[in-house]
Amino acid sequence: MDSIKIGKIGEIACLLEVSGYPKPGNVHRTHDMDDMLYEDFLISSVSIKDKLELVSDNTKRFYPNLLNSISLGSCILGAVEESHYWTNTNTNLGIVMLLVPLAASASVIKNKNEINKIPNILDVILKNSTVDDAIALVKAINLSEAGNMGNVEKFDVNNKDTIDQLIENKINMYDLLVMSQDYDKLSYQLVNKLPLIMDIGLPIYRLASEKYSYNISTIITYMSLLAYCPDTLISRKFGEDTSKKVSNKAKDIIKKFDLSSVEGMDALKSFDKYLIDNNYNPGTTADFTAATLFLGLLEKHL
């Protein structure tokens, strides 16, 4: 698939994810947050397309012999900078961290039967990233004010000396993600070949999309990911017990209701209100949902 289509698929995946209604606990078409509006996410979805195209083009040129020239980090930073320019908010750091390497990997496969090769391709690309990629990732995290997302014992993104330490110790992007994988599920997915997205998200989306609309398929995917994997963002803010409690509530709703039914919609709206009232925001689950939609749409259009 050409790079322009890969960029469009990334854009569409982000638009569908944020528009999922009612996507409990997150921004969606009828719910804004105090510091982030639904429209901010629409704008950010459009803003990242060029960088997804660029990383796809780079990978087509340099895979598999010049992997250190793909410029993953600068594409991640560029996408975050572009989104920040248009919205001045941190709407999509996690999504960009997933979609940039996915777009790179997608540019290599030849047909939909090779979708399952993407995790291994992504693994090779990340392992051959550079110190410059790591530096760009740190800058993207800082620009997004993502708090402790990139903190590790030795290489804290909030430490002004971090860049010098990365250079001195020859730490690439993969190394940085490995250091944070124990407490950041997004990092864990990237350095462990996307097990949640490939084994849970994508199969569920495939089945849902054969039967339901884009919207219901998105919600089913989101709720299934949340039920299976307690959300990192909730864990950071409120602790593991709260995160697990939220996941168990999602699991109960999936078991009891057809989410496309009136009763299912009522249960989703009630869950949405519960999460919003308690400020429980499953933001990492939203990132995983966007990545799953990207792969599902890629498979559909290859």
Side-chain angles (χ1 to χ4, degrees), residues 10-11 13-20 23-29 31-52 55 72-103 133-152 155-160 162-163 173 176-177 180 183-190 222 226 231-238 243 275-276 279-291 293-294:
E11 178 183 358
C14 293
L15 290 169
L16 291 176
E17 184 280 317
V18 72
S19 298
K23 190 181 67 205
N26 276 295
V27 170
H28 53 70
R29 66 183 77 172
H31 174 242
D32 296 325
M33 291 185 178
D34 292 339
D35 57 344
M36 285 182 282
L37 307 178
Y38 171 62
E39 290 82 3
D40 289 332
F41 284 86
L42 298 181
I43 293 167
S44 295
S45 300
V46 175
S47 299
I48 70 172
K49 182 169 71 73
D50 289 350
K51 298 307 178 186
L52 298 182
V55 80
L72 280 180
S74 66
C75 288
I76 289 172
L77 176 58
V80 170
E81 287 175 334
E82 191 72 11
S83 297
H84 197 268
Y85 173 80
W86 292 103
T87 67
N88 200 33
T89 60
N90 170 28
T91 50
N92 62 0
L93 172 66
I95 288 176
V96 168
M97 286 177 64
L98 289 165
L99 289 194
V100 167
L102 280 174
D133 292 323
I135 292 170
L137 176 59
V138 168
K139 289 180 178 179
I141 292 169
N142 286 337
L143 178 60
S144 299
E145 298 180 348
N148 62 354
M149 181 170 187
N151 287 0
V152 294
F155 303 102
D156 185 341
V157 297
N158 299 308
N159 185 336
K160 65 180 181 180
T162 290
I163 291 176
M173 184 189 296
L176 207 56
L177 293 170
S180 59
Y183 56 82
D184 183 80
K185 292 185 173 72
L186 194 150
S187 295
Y188 180 88
Q189 290 299 311
L190 284 170
Y222 171 85
L226 180 58
D231 191 88
T232 291
L233 192 57
I234 295 177
S235 297
R236 283 200 192 119
K237 290 182 177 180
F238 301 99
S243 186
L275 294 177
I276 291 169
N279 199 30
Y280 298 156
N281 169 217
T284 306
T285 305
D287 298 339
F288 292 152
T289 302
L293 295 179
F294 175 86

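- Here the side chain of Asn26 pairs a donor or acceptor atom with the backbone of Pro282 at under 3.5 angstrom.
- Contact annotation: the side chain of Leu186 approaches that of Asp287 to within less than 4.5 Å [non-hydrogen atoms, C-beta and beyond].
- The heavy-atom pair separating Leu143 from Val80 by the smallest distance is CD2-CG1, 3.8 Å.
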Q: Start with the C-alpha distance between Ser83 and Ile48, add both sets of side-chain angles, then the distance that settles side chain to side chain contact (heavy atoms under 4.5 Å, CB included), and finish with yes or no.
A: CA-CA 7 Å; Ser83 297; Ile48 70 172; 3.6 Å; yes
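- Atoms OG1 and CG, from Thr162 and Leu176 in turn, are 8.5 Å apart once rounded to the nearest 0.5 Å.
- To the nearest 0.5 Å, the span separating CG on Leu102 from CG on Leu190 amounts to 7.5 Å.
- Looking at heavy atoms from C-beta onward, Glu145 lies out of side-chain contact with Asn90 at the 4.5 angstrom threshold.
- Leu233 contributes atom CG, which lies 9.0 Å from atom OG1 of Thr285 (distance to the nearest 0.5 angstrom).
- For the pair Asp40 and Asp32, the minimum side-chain heavy-atom distance is 4.5 Å or more.
- Open room surrounds OH on Tyr188; 12 or fewer heavy atoms of other groups in view lie less than 6.0 Å from it.
- A distance-only check finds no donor-acceptor pair linking the side chain of Tyr222 to the backbone of Phe288 [under 3.5 Å].
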Q | Stepwise side chain to side chain contact (heavy atoms under 4.5 Å, CB included) test for Leu37 and Val27 | A | CA-CA 7 Å; Leu37 307 178; Val27 170; over 6 Å; no
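- To the nearest 0.5 Å, the span separating CG on Leu77 from OG on Ser144 amounts to 9.0 Å.
- Considering Leu16, Asn92, Ile95, Leu15 in turn, Leu15 is the only one that fulfils the side chain to side chain contact (heavy atoms under 4.5 Å, CB included) rule with Ser45.
- Side chain of Asp133 to main chain of Met173: no donor-acceptor pair is present (N/O by atom type, distance under 3.5 Å, no hydrogens or angles).
- Of all non-hydrogen atoms in Ser44 and Thr91, the two that sit nearest each other are OG-OG1, 2.5 Å.
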Q: Check the pair Leu98, Phe294 against side chain to side chain contact (heavy atoms under 4.5 Å, CB included), reporting the backbone distance first and the verdict last.
A: CA-CA 10 Å; Leu98 289 165; Phe294 175 86; over 6 Å; no
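- Thr89 is not listed as a side-chain neighbour of His84, based on a closest heavy-atom distance of 4.5 Å or more.
- Listed for the Asn142 side chain is no donor-acceptor partner under 3.5 Å among the backbone atoms of Lys139.
- Of all the heavy atoms in Thr284 and Asp231, the pair that sits closest is N-OD1, 3.1 Å.
- Rounding to the nearest 0.5 angstrom, the gap separating the NE2 atom in His31 from the CE atom in Met36 is 10.0 Å.
- Taking both residues in full, the closest heavy atoms of Cys75 and Val100 are given as CB-CG1, 4.0 Å, listed atom of the first, atom of the second, then distance.
- A salt bridge between Lys23 and Glu17 is present, with a side-chain N of the basic residue lying under 4.0 Å from a carboxylate O of the acidic one.
- Two residues are said to be in side-chain contact when any heavy atoms from C-beta on lie closer than 4.5 Å; Met33 and Ile276 fail this criterion.
- Here the shortest heavy-atom pairing between Ile76 and Ala140 reads CG2-CB, 4.1 Å.
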Q) Are Ser19 and Tyr38 close enough, and set up right, to give a side chain to side chain contact (heavy atoms under 4.5 Å, CB included), and what steps lead you there? A) CA-CA 8 Å; Ser19 298; Tyr38 171 62; 2.8 Å; yes
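- Looking at every heavy atom in both residues, Trp86 comes nearest to Ser47 through CD1-OG, 3.5 Å.
- Remark: side-chain polar atoms of Thr232 are not paired, donor with acceptor, to backbone N or O of Asp184 under 3.5 angstrom.
- Between atom OG of residue Ser243 and atom CZ of residue Arg236 there is a gap of 11.0 Å, rounded to the nearest 0.5 Å.
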